[in-house]
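These notes are about the structure you will find just below.
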Amino acid sequence: MEKIFAELNESQSEAVRQIDGPILILAGAGSGKTKTITSRVAYLIQNGIPPSSILTLTFTNKAAAEMRQRAMALLDQQVTYPPLLCTFHKFGLLFLKHHMQELNRSNNFVIIDTDDKKRILKSFDIDLPVPMVAAEISRFKNNLISPEEAISAAQMLNYKKIAQIFQKYEAYLEQNNLVDFDDLLALPYQILDQNPQLCEEISRKYQYILVDEYQDTNDLQFKLLEKLSSTHNNLCVVGDDDQSIYGWRGANIKNILEFDKRFADTKVIKLTKNYRSTEAILKAANELIEHNRNRLGKKLESTRDSGKEIEFIHFDDENSEAREIAARVKTLINRGIDPKEIAILYRINALSRSIEEGLNRAGVPYKMVGGLKFYERAEVKDIIAYLRVITNPHDDFSLKRIINKPKRGIGKATIDKLLDMAYQNSCSVYNIFTDHREKLAESVTKKAFTTITEFFGKITDIREKLESSSYDLIDNLEEAFGIRHYYEQMPDGMDRVLNIDEFYGLYRDFVIQNQDATLEAFLNDITLQSDQDQIDERSISIMSIHASKGLEFNYLFVIGLEEGFFPLVGDGCDIEEERRLGYVAITRAKKELTLSSSATRYYKGKRAQLSKSRFLAECGVSKGSLKIERTTSFKKGTLVKHKIFGVGRVLEVSKVKREYKLKINFGGTQRDILASFVERI
DNA sequence: TAGAAGCAGATTTTT
DNA sequence: TCTGCTTCTA
C-alpha cells in the first residue's frame, strides 16, 4: 500500500482512494494521469476487490500495454488473474465472441478495417464519394440508426442514396460474416440493449470501470459505459477536456463537459500539477487555452524552473523555414542532445515534405511517426487476405483482393462474372465454384476456369493441411502462391519483402506463444493492432500534432503557424478544437519550444500568401514574451518574380526592422522591394 | 488482360 | 505539385 502512495501528490492520492461512485478525474497535460489510473487499479485490488471485476478501457493498444505493465509493477503479490485492461474495441470483440449468437450471427466473424470498408463501398459502384459515404455510415452506426430508419428519415435524394448504400453494406457484412470497427461497439450495445438480463449480468461482473482519455469518447461509447455501469455507477473516467482533438471523428466533448450532470453525485478531482514542462511553456499553453469558452477550466501549475523563453521565427517561405529548423536541430544534436528528445510537429501532413527535404539536406536522420501503418501496407494486407480466405473461403471480399495477385490470368471481366454469379445466387464465389461448377465453366473462358480450379484447389489443400499440428502454414502458402517471390521481382520490392518476412515472423511467434489459438484468432487480433514502431534511437521524430498526443520531448519545434493552416479553416473545422490542438502541441514540450511560421507556402500546386496564426498572439507573442526573429533565404543572385515588375535578380539583401528589404534588378531597373512581395523562382 | 496515359482531388485518423 | 484512379490501346 505504501508503495502505491509513495509517489503520489495530494490530488492524485485522493483520486486513487475514492473507490465508489462516479468520479471525473480532470488530468491536465503532464499531470501524472497514467500513474493515477494504474495506482487506482492496484489500490482497488489491494483493497480486496477481485481483479476480475475491474475493467479498464483505453483507446490504444499502446496505452493499454503501458498501463497493464505499470499496474502490475505496483502490486506486491503476483495476481493470478490480471484485471481486464484493453481498448474499447478489444472489449467489444471479446464480448461479441461470447454473445454474437444473440443477434443470430456466428461468432466466427472477421474484422475489417477502414480501408476494407472503403473497398467494399467502392465495389458497389456508387456515384457519391466513398470516404463521405463511409463517414456517414459510421455516423449512422454510432448513432444507432438502422438502415431502415435511415432510409425513412432521409429527406434529400443524396441522403436516401447513402441510406440505401448503408443498407446494402450492412447486408454485405452480414452475408460475408464481417464486422467493422463501428460494429465492435454498436453490436455489443445492441445486444445489451435488447437483453436487459444479460446487461445486468455483465454490469455486475464489472463492478469497477475505469476509462482513459475520456474526452475522446463518442456517443456510442458513452451509452455503452452507461450500460456497463448501470447496476453500480462505479465509473471512474480520466481525461482532459482541453485535449479533446477528435471531435471531427465523432468524439463528443460534451461527454466530459457534462459528465457530472449525467451521473449524479460525481466526485470531480482536478490534477493540475504539471511535471513535464518549464514555466515558460506552461504559461503559453495556459494563455492559449484560456481563449476557449467551452471548457471546464483549469490552469496547469508548474513544478519546474522558468526555463528558456519560447522562440518564434518567421520565414519568407517554407524552404528557409526547413533549412533553419534543420540547422537548429543539427546544432542540438552536435551539442550532444539525444535525437529521441527532439521532435518537429505540424498541423497537416502536407507540411512534412519541406521539412523532410531540409532534414535530408542537412543530413539529420529522422523518423516520421504515423504514416502508413504496418498492417495497412498493401503487401501485408495481401498476405492477410490469403490467410482470411484460408480460414474462410466464403470471404469474397478478401478473395477479390488476391484471386489475381500474383497475376495468374484472372482479369477484371472474370472477377466481375464470378461476383455477379455469387450475387445472383446469394452465395459466395466459393459456393459458385463448388455447387455451380458447370454453369461457371460455361460463363468464363476455358483458361480462366482452369486457373480458378487450380486456385481453389490450392486453398482447399492448405485448409486441409491446417488441421494437422505439425504443419507450417507459411512455407506452404509461399510454395502454393509465391507472394513473397512476386514482390521480390518488383523494382522497389525490397521493403515489401522485408515487411512480408516481418509478418511471417509475427505469425510464427504467435503460433509458438499461443499453442492452441486458431489462425482466425490471429487475424482478429492483428486487425485491432496499430503500429507500435519503436522510435529509432538515433533519429529525431517528425509527426502531425494528432500523432504526438501522449508523447513528450525536451526540444520541440512546431511549424506552420499560419492562419488557414493552423488554425485550419474550412468545412467541419472548429476553432476551439484547433486551439486545443495548439494546446496539445505546446504541452508536448519539456524544455525548449520553438514556433515558426512562413509568409508564403507552396500548397496544392499554388503559392499561398499567409498571415501569422492568431494562436501566436493568443499564447503571448504580442505581449513580447516570445522572441521574434525573421530569417530569409533570399541572397545576392537569387532569381525572383514580382507580380507587377516580373522577373528579376536580387542585388542586395538588407534588414529593415523585422523585415528584409531586397534591391532587385528588373531588366535594368533597380527597385527596393520587401521580401514578402516577391517569390523565388 | 495488362501497361500507359489522362484527370480530379488534395485535413487531422487511437480502432 | 503530386498521387491514385479511370480510361484507353496493344
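The CD-C1' distance, from A:E356 to C:dC2, rounds to 14 Å in whole Å. Taking atom CH2 of residue A:W248 and atom P of nucleotide B:dT14, one finds them 8 Å apart after rounding to whole Å. Regarding A:L351, its CG atom lies at a distance of 12 Å from the C1' atom of B:dT12, rounded to whole Å. Atom CD in A:E213 sits about 12 Å away from atom P in B:dT15, given to the nearest Å. Rounded to whole Å, the distance from CG on A:L551 to P on B:dT14 is 12 Å. The interatomic distance linking A:R580 (CZ) with B:dT12 (P) rounds to 18 Å, in whole Å. A straight line from CG of A:L128 to C1' of B:dA8 spans 16 Å, rounded to a whole angstrom. With rounding to whole Å, A:M132 atom CE is found 12 Å from B:dA10 atom P.
Residue contacts shown for A:A413 are limited to sugar-phosphate atoms, with no base heavy atom under 4.0 Å away. Counting any heavy atom pair closer than 4.0 Å across all strands shown, A:G605 reaches a base atom. Contact annotation for A:K549: no contact, since no heavy-atom pair falls under 4.0 Å across all strands.
Proximity note for A:L528 (side chain, C-beta onward) versus B:dT11, B:dT15, B:dT14: the nearest is B:dT15. The side chain of A:D216 sits closest to B:dT14 out of C:dT1, B:dT14, B:dA2. The A:H546 side chain lies nearest to B:dT13 when the options are B:dT15, C:dT1, B:dT13. With B:dA10, B:dT15, B:dT14 as the choices, the nucleotide that has an atom nearest any side-chain atom of A:K604 turns out to be B:dA10.
Ion pair A:D219/A:K223 not flagged as a salt bridge, since none of the NZ, NE, NH1 or NH2 atoms sits closer than 4.0 Å to an Asp/Glu carboxylate oxygen. Between A:R361 and A:E357 a salt bridge is recorded (basic side-chain N to carboxylate O distance below 4.0 Å). Between A:D183 and A:R105 no salt bridge is recorded (no basic side-chain N to carboxylate O distance below 4.0 Å).
Applying the 5.5 angstrom centroid cut-off and the 30 degree plane-angle cut-off, the aromatic ring of A:F88 is not stacked upon the base of B:dT15.
The side chain of A:N61 places an N or O atom within less than 4.0 Å of a non-bridging phosphate oxygen (OP1 or OP2) of B:dT15. At B:dT13, none of the side-chain N or O atoms of A:T114 fall inside 4.0 Å of OP1 or OP2 (strictly under the cut-off). Contact annotation: A:Y603 reaches the phosphate of B:dT11 (side-chain N/O to OP1 or OP2, under 4.0 Å). Checking the phosphate oxygens (OP1, OP2) of B:dA10, no side-chain nitrogen or oxygen of A:N349 falls inside 4.0 Å. Here A:S544 reaches the OP1 or OP2 of B:dT13: one of its side-chain N or O atoms lies under 4.0 Å away.
Ranked by how close their nearest DNA chain B nucleotide is to the 5' end, A:I410 and A:I245 are led by A:I410. Mapped onto DNA chain B by nearest heavy atom, A:A251 and A:R408 fall at different nucleotides, with A:R408 at the one closer to the 5' end.
Relative to the ring axis of A:F481, A:K458 places its NZ or CZ within 45° and under 6.0 Å from the centre.
Counting non-hydrogen atoms of neighbouring residues, nucleotides and ligands closer than 6.0 angstrom, the NZ atom of A:K254 reaches no more than 12 such neighbours.
Each of A:K381, A:K118, A:R388 was checked for a salt bridge (Lys or Arg N to Asp or Glu O under 4.0 Å) with A:D113, and the lone residue meeting it is A:K381.
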